[in-house]
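Written out below as structure tokens is the structure these notes cover.
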Amino acid sequence: RSRGLGDVYKRQIEDGFILGKKKINIDEHGIVVAGEHFKSQVDWSAVLEIAESEEHIYLFVDKVDALVLPKGQLEDSAGVIEYLKAGHQR
């Protein structure tokens, strides 16, 4: 049975590449972002800037692209920011 476009669209919304749930690991080597269908590593050398708003931390990897970390999902957002800035200065 072939799937209609509506079925494909619904699946993308539920477990999509961009909007789906992701797990982010941060260590001395950089950032690893993993979703259900992918895994991507970003070295610290690729992070151009770290910025924050009241609710998010932004790790810019290009002028118009950033990894966005919601502070509400972090146990210690101040500690994470400090760690990120230390890692970024390597």
Side-chain angles (χ1 to χ4, degrees):
R1 171 181 175 250
S2 67
R3 294 173 40 180
L5 185 57
D7 293 336
V8 173
Y9 181 75
K10 183 178 178 184
R11 180 173 179 263
Q12 289 175 344
I13 295 297
E14 292 172 352
D15 62 354
F17 187 81
I18 300 296
L19 298 177
K21 291 183 181 181
K22 294 171 191 64
K23 182 175 181 180
I24 299 174
N25 291 316
I26 301 168
D27 64 19
E28 66 274 7
H29 303 292
I31 305 123
V32 176
V33 181
E36 185 175 346
H37 307 288
F38 76 97
K39 183 176 182 181
S40 177
Q41 179 172 336
V42 178
D43 295 334
W44 283 118
S45 61
V47 177
L48 302 175
E49 182 179 350
I50 297 172
E52 65 178 300
S53 68
E54 188 174 316
E55 297 181 6
H56 297 92
I57 301 169
Y58 304 91
L59 306 174
F60 284 90
V61 294
D62 201 335
K63 289 182 179 183
V64 296
D65 190 17
L67 300 171
V68 181
L69 308 176
K71 288 181 177 180
Q73 298 294 315
L74 305 172
E75 290 180 19
D76 176 16
S77 63
V80 169
I81 293 166
E82 187 176 314
Y83 182 82
L84 289 170
K85 289 184 177 178
H88 182 249
Q89 295 180 13
R90 293 180 177 210

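For the numbers below, each heavy atom of this structure counts, side chains included, while hydrogens, waters and symmetry mates do not. Position 1 is the first residue of the sequence; numbering continues from there.
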Same apolar cluster: I81 and V33, side chain cutoff 4.5 Å: yes
CD1-CD1 distance between I57 and I24, expressed to the nearest 0.5 angstrom: 10.0 Å
CD1 on I50 to CZ on F60, rounded to 0.5 Å: 11.0 Å
Spacing of NE2 belonging to H56 relative to CD belonging to Q73, to within rounding of 0.5 Å: 9.0 Å
Pairwise distance CD(E52) to CG(L59) - rounded to 0.5 angstrom: 11.0 Å
Separation between OG of S77 and CD of E54, rounded to the nearest 0.5 Å: 11.0 Å
W44 to G30 - nearest heavy-atom pair and separation: NE1-N, 3.3 Å
Any donor-acceptor pair under 3.5 Å from D27 side chain to H29 backbone: yes
Any side-chain heavy-atom pair of I31 and V47 under 4.5 Å: yes
Heavy-atom check, side chain of V61 versus side chain of V42, under 4.5 Å: yes
F38-V68 co-clustered via ILVMFWY side chain contacts under 4.5 Å: no
Common cluster, Y83/L67, ILVMFWY with side-chain heavy-atom separation under 4.5 Å: yes
